[in-house]
There are 2 protein chains.
Amino acid sequence: MNKRSGIESKKKIIDAAMAVFSTKGYAKANIREIAKAAGISVGGVYLYFRNKEELYKSLINSKMHYIGSRLEITAGSAESATEALSDFFKLHLENALKHKEFILLHIREHGFAFGVNEKRQFFRKQRTLIENIIQRGMRSGEFRKCNADHMAKMIMGSLRGIILSMALDDDVHITPKMLNEFVFNGLLTAGKRD
Amino acid sequence: MNKRSGIESKKKIIDAAMAVFSTKGYAKANIREIAKAAGISVGGVYLYFRNKEELYKSLINSKMHYIGSRLEITAGSAESATEALSDFFKLHLENALKHKEFILLHIREHGFAFGVNEKRQFFRKQRTLIENIIQRGMRSGEFRKCNADHMAKMIMGSLRGIILSMALDDDVHITPKMLNEFVFNGLLTAGKRD
DNA sequence: GGTTCACATGAACAAGCGTTCAGGTATAGA
DNA sequence: TCTATACCTGAACGCTTGTTCATGTGAACC
């Protein structure tokens with residue numbers, strides 16, 4: 001037997017579940033493996049979570065709240081639109097590195113019955129943040145005139161894809177600085193722009 | 001009974017499998033459902049495919065070859081780097097719209113034992129194409145000086161993410177024109193660029 | 001009508017899974 | 001030492017799934 005405090009055990013299960021779910025996906029992950037990775041028996045898992053689905057949900061929920069709140073806190077305090085967007089990128093990239101496993105799980109299970117709407121809402125919210133920054137930048141003359149809605153969709157999409165690439169492919173590593181340069185300046189030489 | 005030609009049946013199974021795999025993922029998809037969607041019996045599926053894995057592999061393989069070859073054909077013939085990159089985006093976005101289901105499946109099963117390397121190679125190849133275009137553009141003075149490797153990684157990542165966003169979220173629709181404007185011009189007003 | 005062949009069926013089997021539960025064990029206080 | 005409490009165990013059950021196979025059916029030719 002392996003006696004620990006309940007809190008400790010629950011934590012071990014959550015960590016193990018995150019690892020197994022994110023490498024195997026929800027359907028292929030099985031409780032026996034999660035239990036083994038957590039150093040507890042099969043029955044032990046059920047002391048802390050009613051069933052597999054609840055274990056999964058509790059994982060997603062807590063992590064998404066955590067990430068979401070961290071992203072909000074640092075949002076409003078920038079002096080210019082350029083700085084605000086820069087901060088936004090920095091935060092997202094840092095988060096992505098720290099929660100790589102979760103990102104993978106997230107992408108993979110987008111079709112899972114639970115959380116689809118929560119996820120969509122999360123991304124919509126992020127997109128709105130970007131859109132506001134863009135509008136602010138256009139008003140202040142920092143950013144050129146463009147369709148803020150379209151631009152926000154593209155920037156959010158780009159950010160998602162870059163984060164995904166980093167999570168999937170170890171030889172891709174994008175820093176906030178690189179991303180700034182790309183998004184702010186574009187590819188063309190100054191003379192050739194519209 | 002439901003008598004058809006073998007070719008017709010096989011095609012029906014492939015279509016059904018694509019639909020089911022891409023909405024449910026590999027593990028959750030089951031043969032009974034695929035068979036039903038194809039209008040054939042469970043045993044019937046096994047007349048045409050040795051097992052579930054082979055059915056999946058044959059799907060992925062044929063589709064990836066098809067898409068890959070289509071992307072290559074139209075690559076080399078552009079007159080400028082700007083035009084080349086523009087064509088590249090157009091092709092990818094068109095493809096993505098046409099093979100939405102496949103894209104979803106693709107993302108979802110990135111960790112599946114089969115095809116991981118094929119997929120990685122596919123994306124590396126696309127990235128190399130972009131990198132070549134960027135270098136060409138820098139030599140000709142169309143594009144500003146930058147790190148072509150980093151830039152290619154970001155652009156490929158962005159493209160992936162934008163395609164993903166379109167596949168996941170129906171209210172996101174990015175046209176080649178919009179993407180061009182974003183990638184070529186960036187966000188800043190002309191005077192503020194580096 | 002008889003024969004052959006390609007195509008189709010779905011009950012049956014075995015393996016794996018989520019979940020339960022009757023019981024076991026360490027610790028702390030009486 | 002006894003009891004209560006919190007934590008843990010893994011065999012067993014029932015269900016779902018991939019796969020097989022003995023059998024059935026229609027069409028084409030003799």
Side-chain angles (χ1 to χ4, degrees), chain A residues 1-62 105 108-109 111-115, chain B residues 1-62 105 108-109 111-115:
Chain A
M1 196 155 124
N2 187 3
K3 195 102 179 172
R4 297 175 295 206
S5 81
I7 295 171
E8 195 183 346
S9 290
K10 189 165 183 178
K11 202 172 158 346
K12 289 221 178 224
I13 294 169
I14 287 180
D15 290 347
M18 180 63 82
V20 175
F21 276 136
S22 58
T23 51
K24 298 211 156 187
Y26 181 82
K28 267 186 188 164
N30 68 289
I31 303 289
R32 281 162 184 82
E33 189 177 346
I34 292 173
K36 199 174 171 186
I40 202 173
S41 66
V42 186
V45 174
Y46 286 87
L47 289 176
Y48 300 98
F49 299 95
R50 260 218 334 262
N51 51 37
K52 187 184 179 186
E53 187 173 336
E54 207 198 58
L55 171 55
Y56 176 78
K57 282 182 188 175
S58 104
L59 230 70
I60 297 286
N61 248 344
S62 69
L105 182 56
R108 188 169 211 151
E109 298 299 337
F112 191 64
F114 164 81
Chain B
M1 195 157 119
N2 188 1
K3 195 102 181 170
R4 297 175 294 205
S5 81
I7 296 170
E8 194 183 346
S9 289
K10 189 166 183 177
K11 202 171 161 340
K12 289 218 179 227
I13 293 169
I14 287 179
D15 290 347
M18 181 64 81
V20 176
F21 276 137
S22 57
T23 50
K24 299 212 156 188
Y26 181 82
K28 266 186 189 163
N30 68 289
I31 303 290
R32 281 162 183 81
E33 189 178 347
I34 293 172
K36 199 174 172 187
I40 202 172
S41 66
V42 187
V45 174
Y46 286 87
L47 290 175
Y48 301 99
F49 300 93
R50 260 217 336 262
N51 50 39
K52 187 184 180 187
E53 188 173 336
E54 206 197 62
L55 172 56
Y56 176 78
K57 282 183 187 175
S58 103
L59 230 70
I60 298 286
N61 247 344
S62 68
L105 183 54
R108 189 169 210 152
E109 298 299 337
F112 190 64
F114 165 79

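In what follows, every heavy atom counts, from backbone to side chain, and hydrogens, waters and symmetry copies are set aside. Naming convention: chains lettered A, B, ... in sequence-line order (proteins, then strands); numbering from 1 in each chain.
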Figure out the CZ/C1' separation between B:Arg4 and C:dA6, and round it to whole Å.
14 Å
Strictly under 4.0 angstrom, non-hydrogen atoms only: write out the protein contact profile of nucleotides 10-16 of chain C, one letter per nucleotide from the 5' end, B, S or -.
B-B----
In whole Å, what is the span from the OH atom of A:Tyr56 to the P atom of C:dG18?
15 Å
Whole-Å gap separating C1' (C:dA22) and OH (A:Tyr46):
18 Å
Upstream residue (5' side of DNA chain C) when A:Ile31 and B:Ser5 are each assigned their closest nucleotide:
B:Ser5
Quick test of your reading: applying side chain to side chain donor-acceptor pair (under 3.5 Å), list the pairs with at least one residue in residues 38-49 of chain A, sequence neighbours left out, ordered by first then second residue.
none
By the definition side-chain contact (heavy atoms from CB on, under 4.5 Å), identify the one residue from B:Ile34, B:Leu55, B:Ile31 that meets it with B:Phe49.
B:Leu55
How long is the line joining CZ of A:Phe49 and C1' of C:dG18, in whole Å?
16 Å
Measure the distance from CG on A:Leu47 to C1' on C:dG23 and round it to the nearest whole Å.
13 Å
With sugar-phosphate meaning primed atoms plus P, OP1 and OP2, does B:Ala29 contact a base, only sugar-phosphate, or nothing at under 4.0 Å between heavy atoms?
sugar-phosphate
For B:Ala35, enumerate each residue passing the side-chain contact (heavy atoms from CB on, under 4.5 Å) test, keeping only those at least two apart in sequence or located in another chain.
B:Ile40, B:Val45
Quick test of your reading: applying salt bridge (Lys or Arg N to Asp or Glu O under 4.0 Å), list the pairs with at least one residue in residues 5-21 of chain A, sequence neighbours left out, ordered by first then second residue.
A:Lys11-A:Asp15
Residues in salt bridge (Lys or Arg N to Asp or Glu O under 4.0 Å) with B:Lys52, at least two apart?
none
In whole angstrom, what separates B:Ile40's CD1 from C:dA8's C1'?
7 Å
Using the heavy-atom set of chain A and a strict 4.0 Å cut-off, write down the first and last nucleotide of DNA chain D that makes it in, 5' to 3'.
D:dA6 to D:dA12
How is B:Tyr48 classified with respect to the nucleic acid when contacts are heavy atoms under 4.0 Å: base, sugar-phosphate, or nothing?
sugar-phosphate
Between B:Ser9 and C:dA8, is there a contact of a side-chain N or O with OP1 or OP2 at under 4.0 Å?
yes
Name the orientation class of the two ring planes belonging to B:Tyr26 and B:Phe21 (parallel below 30°, tilted from 30 to 60°, perpendicular beyond 60°).
parallel
For A:Leu105 and A:Met18, the nearest pair of non-hydrogen atoms, with its separation, is CD2-SD, 4.2 Å
Could you report the tightest heavy-atom contact between B:Arg32 and B:Val42, atom names first, then the distance?
CG-CG2, 3.9 Å
Rounded off to whole Å, could you give me the CZ-to-P distance for the A:Arg50 and C:dT19 pair?
10 Å
Nearest 0.5 Å, please: how far is CD in A:Glu33 from NZ in A:Lys36?
8.5 Å
